[in-house]
Amino acid sequence: MKSEPDVHSFEHHLSLPDATDSWNGVRNYQARNYMRDGMKCGDRVIFYHSNTEPPHAAGVAEIVREAYPDHTAWDPESEYHDPRSTPEKPSWLMVDVRALRALPMPVSLATMKGNPLLEDMPLVRRGNRLSVFPISEVHYLEILRMGGLEDF
DNA sequence: GCCAACGTTGGC
DNA sequence: GCCAACGTTGGC
C-alpha cells in the first residue's frame, strides 16, 4: 500500500490509537477491487512511501478490518467526496490497517530495482500507479529481509 | 519542473 | 463503442 509521507506517513500511523486507521480515499476501481477481493484480516502489508526522496518501503502493517464502505465519498466536506457514491449504494471501499513495525533500514525503490528477486514485483515496473496491489510472499519476505526484519 | 503512463470523461 | 482530450500519479 502506497502513501505520501507528507500526507500520511507510517510513523504517524504507528502513533495512532492501536496503530490503526482506515485506508480511505482510494478512488481507483482496480485498487478498490484488490481491497475488496484480496485483503483478509491478518494479511500483511508493506507500507510504501511515494513522492518522497528517496521513495521507499517504510514498514509492515496488517489488515484488521475487511473492506467496508468509504464514508468520505459521501461527505461533501471531504477532499475525497464523490457525489455518485451514497450510503445506499457506496461506490468506494476502505479497509482498516494496523501498523506493526517500522523497517529498521527503509528499503529504497532503487535498492528494490537492483534486486533480481523483486524484478517481477509491480512496484518496480514502469508506470505502476496503483496505490494498492498484491505482491507475492517471496517479495514480501525479501523486502523484510532487506529492511532488517527477517525474523518478524 | 518534466514527462511517461494510464485512468476517466464525454462528444460523436 | 471509439477515441481525443484531459487529469493524476509519481519517478526522475
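Below, each value reflects all heavy atoms present in this structure, side chains not excepted, and no hydrogens, waters or symmetry copies. We name chains A, B, ... by the order of the sequence lines, and we start the count at 1 in each one. Remember, predicted model here, so these are calculated numbers, not experimental data.
Pairs passing the ring pair (Phe, Tyr, Trp, His ring centres under 6.0 Å) check and including a residue from residues 115-137 of chain A, sequence neighbours excluded, do not occur. Among residue pairs with one or both ends in residues 33-65 of chain A, those qualifying as ring pair (Phe, Tyr, Trp, His ring centres under 6.0 Å) are A/Phe10-A/Phe47, A/His13-A/Phe47, A/Trp23-A/Phe47, A/Phe47-A/His49, A/His49-A/His56; sequence neighbours excluded. Applying the ring pair (Phe, Tyr, Trp, His ring centres under 6.0 Å) test to pairs two or more places apart or on separate chains, those with a residue in residues 63-118 of chain A are A/Tyr29-A/Trp92.
Contacts between residues 45-59 of chain A and DNA chain C, counted as heavy-atom distances below 4.0 Å, involve A/Tyr48, A/Ser50, A/Asn51, A/Pro55. A heavy-atom distance below 4.0 Å to DNA chain B is reached by these residues of residues 22-34 of chain A, ordered by number: A/Asn28, A/Tyr29.
Scored by the side chain to side chain donor-acceptor pair (under 3.5 Å) test, A/Arg36 finds A/Asn33 as partners (sequence neighbours excluded). Take A/Arg84 and apply the salt bridge (charged side-chain N to carboxylate O under 4.0 Å, His left out) test, not counting sequence neighbours, and it matches A/Asp82. Take A/Lys89 and apply the side chain to side chain contact (heavy atoms under 4.5 Å, CB included) test, not counting sequence neighbours, and it matches A/Thr86. With sequence neighbours excluded, no residue forms a side chain to side chain donor-acceptor pair (under 3.5 Å) with A/Ser91. Applying the side chain to side chain donor-acceptor pair (under 3.5 Å) rule to A/Thr72 yields the partners A/Arg27, A/Asp70; only residues at least two apart in sequence or on another chain are considered. Every residue meeting the side chain to side chain donor-acceptor pair (under 3.5 Å) condition with A/Asp18, not counting sequence neighbours, appears here in chain and number order: A/Arg98.
With a heavy-atom cut-off of 4.0 Å to chain A, the contacted part of DNA chain C has its first and last nucleotide at C/dG7 to C/dC12.
Among all heavy-atom pairs drawn from A/Ile46 and A/Ala57, the shortest one is CG2-CB, 3.8 Å.
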